[in-house]
Structure formats: C-alpha cells, structure tokens
Trainee: 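Quick one: this structure, given as structure tokens, is what I'll be asking you about.
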Amino acid sequence: MVTLSFLDTLLILLYFAVVVFIGFRSVRKEKTSTDEYLLAGRSLTLPVFVATLVSTWYGGILGVGEYSYRYGISNWVVFGVPYYFFAIIFAFVLAKKARTTNLATIPDKLYEAYDMKTSLLGAMLTFVLVSPAPYVLMLGILVQLVFGTSLVTSILLSTFLTVCYLYAGGFRSDVNTNIVEFILMFAGFAIIIPFAYAKFGGFDFLQSNLPPLHLTWHGGNSLQFIFVWFFIALWTLVDPAFHQRCYAAKDGATAQKGILISTLCWFVFDFFTSTAGLYARAAMPHLQQPLLAYPMLAEITLPSVAKGMFYIGMLATIMSTLSSLTFIGAVTIGNDIIGRLLVQEEKDIRSAAITLWTKFGLVISASFAVVLALWIPSVVKLWYVIGTAIIPGLLVPLITSYFERLKIPAAFAFAAMLFGWSVSTLWLLWGQMNG
C-alpha cells in the first residue's frame, strides 16, 4: 500500500533515534526533586512553553485527515474554532490563576479546594481523560504502514519506546522532545502543500473535484452534531496538559502569552492539515480508508526524501501528544492517587515515593492506553467516548475551585463530579445500545 525508499526509511529511523537520544539526554545527573521530575523545575520559558503546548495539543493527525476527507473545511469548524475559543478563555481566565497556585496537577487543586475524596475521584476521571489511547492507535497504524509489522506489534513497540525515555527523564524529557517535534510537525505539513499544488493545481482544482458540501462550513453535518463537538471542546478548560504546562511555566504571564501564541500556531497548522485533507479528497475520491488520507496523498504526491519528511511530520505530531499524555497519566497514579494516600509521610520520604510511583504509573498509563486502543480501534470514537463521559464530571468542580466567590462546598463538589460523570456515561451507554 505504501512505498518508501531506502532514504525515506533511513530518515524515519533517524527521527526515532534522535527523539530517544534527546529524551535520555534530558536526564539530570544530579539528584532530582519531585518538582524537577514532574514539572521540570517550573522553568518553562515562553518559546519552550509554546512548543510543548502546541505539539501536545495537536496529536490526532490521522483523525483530522479522516474528518477533512469526509467533511471538508468543516474540520476547521469542528476541530478548530471551538478549541481556539476555549483556549483563549483559558488564557485570560485561568492561566495566571493556575500558575500562582504553585501546585502540580488538577487533583492537587481539587484537594486544596475541597477534600480527599473529591481529589481521588477527580484523579480517576483525569486518568481516563488523559488516556493516550487514540494516539497509541494512530502511532501504531503509521508504524505498521512504514515497517510492515502487525498492528499489535507496532503499537507495543512504539509505546515501549516512548515510555523508556519518560521513565528516565520525566517531564523534562517530554518537553525537550516536544521542541523538536514542534519543528518537525510544521515542516512535514509545509512540504506537502506546495507539492500538491504543483501536481494538481490550486483552488480551481479543489472546487471542480470536491463535493459541494466540502466547501461549506458545516460539511453536511447537522447543527446537533456540530454542537456536540463544541461541547467536547470544553475539554480545553479541564485538560490536564494545559494546567500542567501552566504549573510548569516560569510565571503567569508566560503561561497566558504562551496559550495565545499557541492558538495562532494551531490556526496555521489547521490551515495546512485542512488543505491537505481537501487535496486528498479531490485527488482520491474513492479512498476506502479515509483514516489514511494523508499517507495516501503523500503516496501519489511526494518524491523520495520529501515523503520521508512528511511521515516524520505525522509521527512527530502523534508522538508529542502520546508522550505528554502518558506522562500525565503516570503523574496521576504517582502523585494524585498513591501520593495522596502518603500525605502523612515525611516530606523527603513522600517526595521519593511520588517519583518512584510515577515511574510505575508510566507502565499502568501505557498499558491502559494499549488495551483501550485495541478494544475501540477508532480514533474519532475514542475522542467522543472519553470526552463525553469525563468532561461533565470535572468541569464545574474544577472551574469553580479557582474562584472564591464561585467555590462550592466540598460535599456538593463531590456530588456534582459523581453525578456529571455518571449521567453522561449512562447517556453514552444508552445511545450506544439504541444507536
């Protein structure tokens, strides 16, 4: 299905080697504190903050390609506009508040604002919310395309590779690899657009060969369908990656400016990905697997080396999110569940235990993601299921915890979290059984 030259394959192998090298190179030789392992010493400068947030928040590249292929520029409306909107709200309303707390995680904030049981329930919901299962699946699919291994083998090998350097270097390894991946994801997609334009032509080609609805804002979808995805975009306000990077920024101003600049970067990257999706649909109207729209477009458009760089761009987009979410899941295990139960221990003992259990949590986080990816082998469905089930439980207790005037009693916070999660999950199950 996919043909890669020796140089293409060599470039891809070199990419994996560079990422692993940077990940291990990031390990601090001196004894590291929990703050260093979990948050890189709260030292993220503006460029680093932008690079790690942009690359972390845009991992679903194959899912974006599938949606663009099926529904055209409404990809921008569904997967772009609502996220820009809520990211900007986060920047102005929550970013500085999050940084001034000097906490490490969302469950830390729930514990500070409410109580132990609310924090523990929040930790369990956060663990599911940050599951990198969609990205494990996408990375496995790409590795399978490139190397011809089975999907299960591809998933296991690529996930293991990610866990190794995170285990060694923690959050600093994640951030440093994100910087390289940020550059490569933009470079990869900036390559394919000029080649597609040269081969097929510009807007006239797209207009002549696309279904008319592909150039409408709704893409033929109902308002209800689009509204659901706007609701899922509330994910931004409770997203642990947003909060974690704000906690790790050197100050509140860095966090706020970083999110605003990141939003502009996402807008530019959405232009690249949506345009590539339109070219894929126009050039290959009968593609049997729309999930592979980008790889198949590369197959008919790019020469050797350029094709390798494009694959690296896709891999970098996915791996940056996979590593970040896997690590956040591990922190949830080590700091927010086991670490919370060690709250009475002496500070040094508790700090060492949190780091140790976070490393153990990497195995749990990755294993859970692999099982979930194999159980629900659909990227868009994974996003839909996780977002619909978890967001209602976290949204109200977390947002109100940052504002004294809005903060609710601990018992109500726990009840709201339990009720929101339970009702949304039951509604989702009912829809699945009657769909």
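Every value quoted in this text rests on a predicted model; they were computed, and no experiment measured them.
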Trainee: Are any non-hydrogen side-chain atoms of L372 and V136 less than 4.5 angstrom apart?
Mentor: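 No, too far: nothing below the 4.5 Å cut-off.
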Trainee: Parallel, tilted or perpendicular: which fits the ring planes of F272 and F269, with parallel below 30° and perpendicular above 60°?
Mentor: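 Geometry flag for F269 against F272: perpendicular rings.
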Trainee: I'd like to know whether CZ of F271 has more than 12 heavy-atom contacts from other residues, nucleotides or ligands below 6.0 angstrom.
Mentor: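 No, not enclosed.
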Trainee: Within this structure, what is the CG-CD1 distance for the pair L142 and I12, rounded to the nearest 0.5 Å?
Mentor: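 Here the rounded value is 9.0 Å.
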Trainee: With a 4.5 Å cut-off on side-chain heavy atoms, are R172 and V27 touching?
Mentor: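 No. Closest side-chain heavy atoms not under 4.5 Å.
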Trainee: Could you tell me whether the side chain of I354 reaches within less than 4.5 Å of the side chain of L38, counting heavy atoms only?
Mentor: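 L38 vs I354: side chains touch.
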Trainee: For the aromatic rings, using the six-membered ring if either is Trp, is the centroid distance between F327 and Y37 under 6.0 Å?
Mentor: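 Yes, they do, as the ring centres are separated by less than 6.0 Å.
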Trainee: When you measure from the side chain of T216 to the backbone of G219, do you find a donor-acceptor pair of N or O atoms at a distance under 3.5 Å?
Mentor: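 Between the backbone of G219 and the side chain of T216 there is a qualifying donor-acceptor contact (under 3.5 Å).
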Trainee: Shortest non-hydrogen contact from M314 to L62?
Mentor: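 Smallest heavy-atom distance, with atoms named: SD-CD2, 4.4 Å.
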Trainee: Check the pair Y111, T118 against side-chain hydrogen bond (donor to acceptor under 3.5 Å, both in side chains), reporting the backbone distance first and the verdict last.
Mentor: CA-CA 7 Å; Y111 180 73; T118 305; over 6 Å; no
Trainee: Going by side-chain contact (heavy atoms from CB on, under 4.5 Å), name the residues that satisfy it together with F85, two or more places apart in sequence or in a different chain.
Mentor: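 Partners of F85 under the side-chain contact (heavy atoms from CB on, under 4.5 Å) test: I89.
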Trainee: Around atom CZ of F225, are there more than 12 heavy atoms of other residues, nucleotides or ligands at under 6.0 Å?
Mentor: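 Yes, CZ of F225 has more than 12 neighbouring heavy atoms, counting only those of other groups under 6.0 Å.
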Trainee: Compare all side-chain heavy atoms of S154 with those of F147 and state whether any distance is below 4.5 angstrom.
Mentor: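 In short, these two side chains do not touch, never coming nearer than 4.5 Å.
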Trainee: How many angstroms lie between atom CD1 of I312 and atom CZ of F16, to the nearest 0.5 angstrom?
Mentor: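 Between atom CD1 of I312 and atom CZ of F16 there are 9.0 Å.
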Trainee: For P240 and V130, which heavy atoms make the closest approach, and how far apart are they?
Mentor: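 Of all heavy-atom pairs spanning P240 and V130, the closest is CG-CG1, 3.1 Å.
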Trainee: Quick one: is the NZ or CZ of K117 closer than 6.0 Å to the six-membered ring centre of F414, and within 45° of its axis?
Mentor: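 Judged by the rule, K117 and F414 form a cation-pi pair.
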Trainee: Measuring only between side-chain heavy atoms, which start at C-beta, is L166 closer than 4.5 Å to T326?
Mentor: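 Yes, their side chains come closer than 4.5 Å.
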Trainee: Give, for atom OG1 of T317 and atom CG of L322, the distance between the pair rounded to the nearest 0.5 Å.
Mentor: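 Between T317 OG1 and L322 CG, I get 12.5 Å after rounding to 0.5 Å.
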Trainee: Before giving the answer on side chain to side chain contact (heavy atoms under 4.5 Å, CB included), spell out for F171 and E36 the whole-Å C-alpha distance, their side-chain angles and the decisive distance to 0.1 Å.
Mentor: CA-CA 8 Å; F171 186 59; E36 168 62 31; over 6 Å; no
Trainee: Less than 4.0 angstrom from a charged side-chain N to a carboxylate O is my criterion; do R42 and D251 meet it?
Mentor: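 Looking at R42 and D251, the cut-off is not met.
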Trainee: Would you say the side-chain atoms of Q256 pair up with the backbone N or O of A95, donor to acceptor, closer than 3.5 Å?
Mentor: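 It does not hold such a pair.
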Trainee: Decide yes or no for L292 and L145: does some side-chain heavy atom of the first lie under 4.5 Å from some side-chain heavy atom of the second?
Mentor: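 Yes, at least one pair of side-chain atoms sits under 4.5 Å.
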Trainee: Which atom pair, heavy atoms only, marks the closest approach of L110 to S119?
Mentor: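 Closest pair (atom of L110, atom of S119, distance): CB-CA, 4.0 Å.
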Trainee: So for atom CZ, which belongs to F419, do other residues, nucleotides or ligands contribute more than 12 heavy atoms lying within a distance under 6.0 Å?
Mentor: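 No, not enclosed.
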Trainee: Does any non-hydrogen side-chain atom of I88 lie less than 4.5 Å from one of I259?
Mentor: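 No. Closest side-chain heavy atoms not under 4.5 Å.
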Trainee: Do N178 and S320 have a side chain donor and acceptor closer than 3.5 Å?
Mentor: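 Judged by distance alone, the side chains do not pair up.
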Trainee: Begin with the C-alpha distance, continue with both residues' side-chain angles, and end with the deciding distance and a verdict on side chain to side chain contact (heavy atoms under 4.5 Å, CB included) for K407 and Y114.
Mentor: CA-CA 9 Å; K407 193 162 64 175; Y114 304 116; 3.8 Å; yes
Trainee: Mark yes when over 12 heavy atoms from residues, nucleotides or ligands other than K257 sit less than 6.0 Å from its NZ; otherwise mark no.
Mentor: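 No - once you tally the heavy atoms of other residues, nucleotides and ligands closer than 6.0 Å, there are 12 at most.
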Trainee: For the residue pair S68 and S274, what are the closest heavy atoms and their distance?
Mentor: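 The answer is OG-CA, 4.0 Å.
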Trainee: Decide yes or no on side chain to side chain contact (heavy atoms under 4.5 Å, CB included) for S43 and K250, but give the supporting numbers first.
Mentor: CA-CA 5 Å; S43 61; K250 69 174 186 176; 5.7 Å; no
Trainee: Within the supplied structure, the quantity of interest is the number of heavy atoms (other residues, nucleotides, ligands) at a distance under 6.0 Å from L406 CG; does it exceed 12?
Mentor: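 Result for CG/L406: enclosed.
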Trainee: Report the residues that fulfil side-chain contact (heavy atoms from CB on, under 4.5 Å) with T105, sequence neighbours left out, ordered by chain and then residue number.
Mentor: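 Per chain and number, T105 pairs via side-chain contact (heavy atoms from CB on, under 4.5 Å) with P107, D108, V331, N335, D336.
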Trainee: Kindly confirm or rule out a cation-pi arrangement of R245 over F49, judged by NZ or CZ under 6.0 Å from the six-membered ring centre and within 45° of its axis?
Mentor: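 Not flagged: R245 not positioned over aromatic ring of F49.
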Trainee: Show the numbers, then the answer: is there a ring pair (Phe, Tyr, Trp, His ring centres under 6.0 Å) between F182 and F186?
Mentor: CA-CA 7 Å; F182 168 80; F186 274 87; 5.2 Å; yes
Trainee: Is atom CZ of F412 surrounded by more than 12 heavy atoms (other residues, nucleotides or ligands) closer than 6.0 Å?
Mentor: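 For F412, atom CZ is not crowded (no more than 12 foreign heavy atoms under 6.0 Å).
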Trainee: Could you verify whether a donor N or O on one side chain and an acceptor N or O on the other, from T425 and S422, lie under 3.5 Å apart?
Mentor: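 Checked: T425/S422 side chains show no N/O donor-acceptor pair below 3.5 Å.
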Trainee: What's the verdict on ring pair (Phe, Tyr, Trp, His ring centres under 6.0 Å) for F21 and Y165, showing C-alpha distance, side-chain angles and the deciding distance?
Mentor: CA-CA 8 Å; F21 172 78; Y165 65 77; over 10 Å; no
Trainee: Under 3.5 Å, side chain of S365 to main-chain N/O of L362, donor-acceptor pair present?
Mentor: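 No: the side chain of S365 does not pair with the backbone of L362.
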Trainee: Of the non-hydrogen atoms in V396 and T400, which two are nearest, and what is the gap between them?
Mentor: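 Here V396 and T400 meet closest at O-OG1, 2.7 Å.
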Trainee: Is the distance between the ring centroids of W235 and F86 less than 6.0 Å?
Mentor: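 No, the ring of W235 stays outside the 6.0 Å limit from the ring of F86, centre to centre.
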Trainee: Are the side chain of T321 and the backbone N or O of S55 linked by a donor-acceptor pair below 3.5 Å?
Mentor: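 Pair found, side chain donor or acceptor close to backbone of S55.
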Trainee: Return the CG to OG distance between L395 and S424, rounded to the nearest 0.5 Å.
Mentor: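 With rounding to 0.5 Å, CG (L395) is 11.0 Å from OG (S424).
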Trainee: For T162 and S323, which I'm curious about, is there any donor-acceptor pair between the side chains at under 3.5 Å?
Mentor: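 Checked: T162/S323 side chains show no N/O donor-acceptor pair below 3.5 Å.
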Trainee: Strictly under 6.0 Å, is that where the ring centroids of F90 and H243 end up?
Mentor: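 Between F90 and H243, the centre distance is under 6.0 Å.
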Trainee: In terms of ring plane angle, is the pair W57 and F242 parallel, tilted or perpendicular, where the classes change at 30° and 60°?
Mentor: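 Perpendicular.
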Trainee: Given the rule in the side chain to side chain contact (heavy atoms under 4.5 Å, CB included) test, do T263 and W266 qualify, once you have shown the distances and angles that lead to the verdict?
Mentor: CA-CA 5 Å; T263 304; W266 290 317; 3.9 Å; yes
Trainee: Using the ring of each side chain (for Trp, its six-membered ring), is F189 parallel, tilted or perpendicular to Y294, with breaks at 30° and 60°?
Mentor: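 Perpendicular: the ring planes of F189 and Y294 meet at over 60°.
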Trainee: So do L157 and V143 actually touch side chain to side chain, heavy atoms under 4.5 Å?
Mentor: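 Sidechains of L157 and V143: no contact.
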Trainee: Measure from the side-chain N and O atoms of S158 to the backbone N and O of I155, and report whether any donor-acceptor pair falls under 3.5 Å.
Mentor: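 Side chain of S158 to backbone of I155: a pair is present.
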Trainee: OG1 of T332 to CD1 of I364: how many Å apart, nearest 0.5 Å?
Mentor: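 CD1 of I364 is found 12.5 Å from OG1 of T332.
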Trainee: I need the I141 CD1 to L291 CG distance, nearest 0.5 Å.
Mentor: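 Answer rounded to 0.5 Å: 4.5 Å.
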Trainee: Looking only at side chains, do Y84 and D270 share a donor and an acceptor under 3.5 Å apart?
Mentor: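 Yes.
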Trainee: Please give me the minimum heavy-atom distance between T358 and A330, naming the atom from each residue.
Mentor: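 Where T358 meets A330 most closely, the heavy atoms are O-CB, 3.3 Å.
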